Amino acid sequence: MSAATNAKPNVIETQAMSRHFGELIAVNQVDLHIQQGTIYGFLGPNGCGKSTAIRMLTGLLAPSSGAIKVLGLDIPKESEALRQRIGYMTQKFSLYDDLSVIENLDFMAAIYGLSRAAARHRVEALLNEYDLEAQAKQRAGSMSGGQKQRLALAAATVHEPELLFLDEPTSAVDPENRRAFWEKLFDLCEAKTTILVSTHYMDEAERCHQLAILERGKLKTAGRPETLMQNMGVTPIEIEASNLRALKSQLVANPAVKSAAQLGLRLRVLVDQSIAEPEQWLKQFLPPETHAQLNTVRPNLEDVFVMATRGAGD
Ligand SMILES: Nc1ncnc2c1ncn2[C@@H]1O[C@H](COP(=O)(O)OP(=O)(O)OP(=O)(O)O)[C@@H](O)[C@H]1O
């Protein structure tokens with residue numbers, strides 16, 4: 001079979017999607033092509049436009065300009081038809097604190113029009129899947145952060161949506177619960193759900209199949225995390241030496257040094273790939289007699305982020 005016949009359709013397509021709030025351009029000419037079955041990440045700092053982009057893609061907010069197609073529907077024109085086919089989990093816990101877990105899920109099932117019998121089966125399955133059976137009768141407001149997050153994900157998937165939008169879903173939970181949450185996302189992905197997830201955590205972004213880096217409303221770069229890391233045009237080198245602060249000041253003044261950031265006892269330096277032997281090249285900046293240790297290290301997404309958002313003033 002040729003690669004072309006294997007290609008999955010895009011579930012999200014945007015051209016120059018933009019949204020202004022008065023003078024502010026929250027989302028600026030963003031083009032997206034998101035393939036069915038992927039976990040696609042929006043990575044960027046607070047205020048870069050992730051939530052605004054997601055709200056436009058769900059049909060909740062009209063774009064100021066640009067074209068949006070989601071699951072083949074014209075958005076915002078056909079938002080009503082989209083609603084049944086997507087799930088949306090917002091940053092804040094948006095369920096009812098005063099209702100029990102089971103009541104919240106029943107309520108969501110009713111909103112999505114499941115019959116009573118179908119709702120009973122689905123809610124039972126969700127309680128089991130999201131490990132909430134013991135809390136079924138507990139008020140949602142009294143649950144832990146991790147439990148609330150599991151409930152929110154269960155509620156967002158009650159109608160088995162084809163496409164799931166998760167807006168910084170793990171910002172309020174500890175690392176262990178975040179890991180467990182991501183396991184659930186991969187289960188959903190295996191069951192053919194496409195997932196768009198926004199985050200400002202690099203480790204979380206690295207788990208995505210595809211990634212877009214956003215800054216001040218603009219899409220700076222997009223692709224597979226590994227590809228982005230390979231193509232960033234710099235070699236990361238870590239230096240262990242004394243007096244790293246002075247060394248850093250000296251290095252960042254050189255145009256071939258794209259970034260230098262201290263990590264504990266090491267200085268992580270991004271050297272332009274035009275420098276053929278970067279370790280050797282860096283040694284010229286070390287004072288004589290310095291016992292320094294230099295290591296070329298594996299690129300990470302933070303390096304990609306730094307490179308993608310350099311010259312942010314444009
Ligand atoms: N309804 C609104 N009215 C005015 N400005 C808004 C509105 N919604 C968002 N903004 C502004 O648009 C910019 C992008 O916000 P957005 O919430 O999309 O960013 P974000 O990347 O999701 O960050 P956060 O995680 O903090 O929500 C911000 O400057 C924000 O203040």
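We count ligands from 1, going down the list as the structure has it; atoms in each ligand are counted the same way. In this chain, numbering begins with 1 at the start of the sequence shown. Keep in mind that this is a model prediction, so the values were computed, not measured.
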How are the rings of Trp281 and Phe285 set to each other: parallel, tilted or perpendicular (split at 30° and 60°)?
perpendicular
Check ligand 1 against Cys48 and write out every atom of the ligand that is under 4.0 Å from a heavy-atom position of the residue.
19 (O), 20 (P), 21 (O)
Side-chain heavy-atom pair Leu251, Ile239 within 4.5 angstrom cut-off
yes
Is it the case that ligand 1 has an N or O less than 3.5 angstrom from some N or O of Thr52?
yes
Heavy atom of protein inside 4.0 Å of atom 21 (O) of ligand 1, strictly below:
yes
Taking the non-hydrogen atoms of Pro45, is any one of them nearer than 4.0 angstrom to ligand 1?
yes
What residue and atom, counting heavy atoms only, is the protein's closest point to atom 9 (C) of ligand 1, and at what distance?
Phe21 CE1, 3.5 Å
Using heavy atoms and a threshold below 4.0 Å, how should the contact between His200 and ligand 1 be classified: side chain, backbone, both, or neither?
neither
The protein heavy atom nearest to atom 19 (O) of ligand 1 is Gly49 N, 3.2 Å
Could you tell me how the ring of Tyr96 sits relative to the ring of Phe107: parallel (under 30°), tilted (30 to 60°) or perpendicular (over 60°)?
perpendicular
Of all the atoms in ligand 1, which lie at a distance below 4.0 Å from a heavy atom belonging to Gly47?
13 (C), 14 (C), 19 (O), 20 (P), 21 (O), 23 (O), 24 (P), 26 (O), 28 (C)
For Leu24, the ligand 1 atoms with a heavy-atom partner under 4.0 Å come out as 11 (C), 12 (O), 13 (C), 29 (O)
Can Phe42 and Leu32 be said to form a side-chain contact (heavy atoms from CB on, under 4.5 Å), step by step?
CA-CA 11 Å; Phe42 276 175; Leu32 292 170; 3.8 Å; yes
For atom 17 (O) of ligand 1, what is the nearest protein heavy atom, given as residue, atom name and distance?
Ser51 CB, 3.6 Å
When you check the gap from the basic side-chain N to the acidic O, do Arg266 and Glu240 get nearer than 4.0 Å?
no
May I ask whether Gly44 has any heavy atom positioned less than 4.0 angstrom from an atom of ligand 1?
no
Consider only side-chain N and O atoms of Ser198 and Asp167, and report whether a donor and an acceptor are under 3.5 Å apart.
yes
What do the steps show when you test Thr235 against Ile275 for side-chain contact (heavy atoms from CB on, under 4.5 Å), and what is the final call?
CA-CA 9 Å; Thr235 310; Ile275 305 287; over 6 Å; no
Identify, by atom number and element, the atoms of ligand 1 in contact range of Glu168, meaning under 4.0 Å from any of its heavy atoms.
25 (O)
Residues Arg139 and Asp97 bridged, charged N to O under 4.0 Å:
no
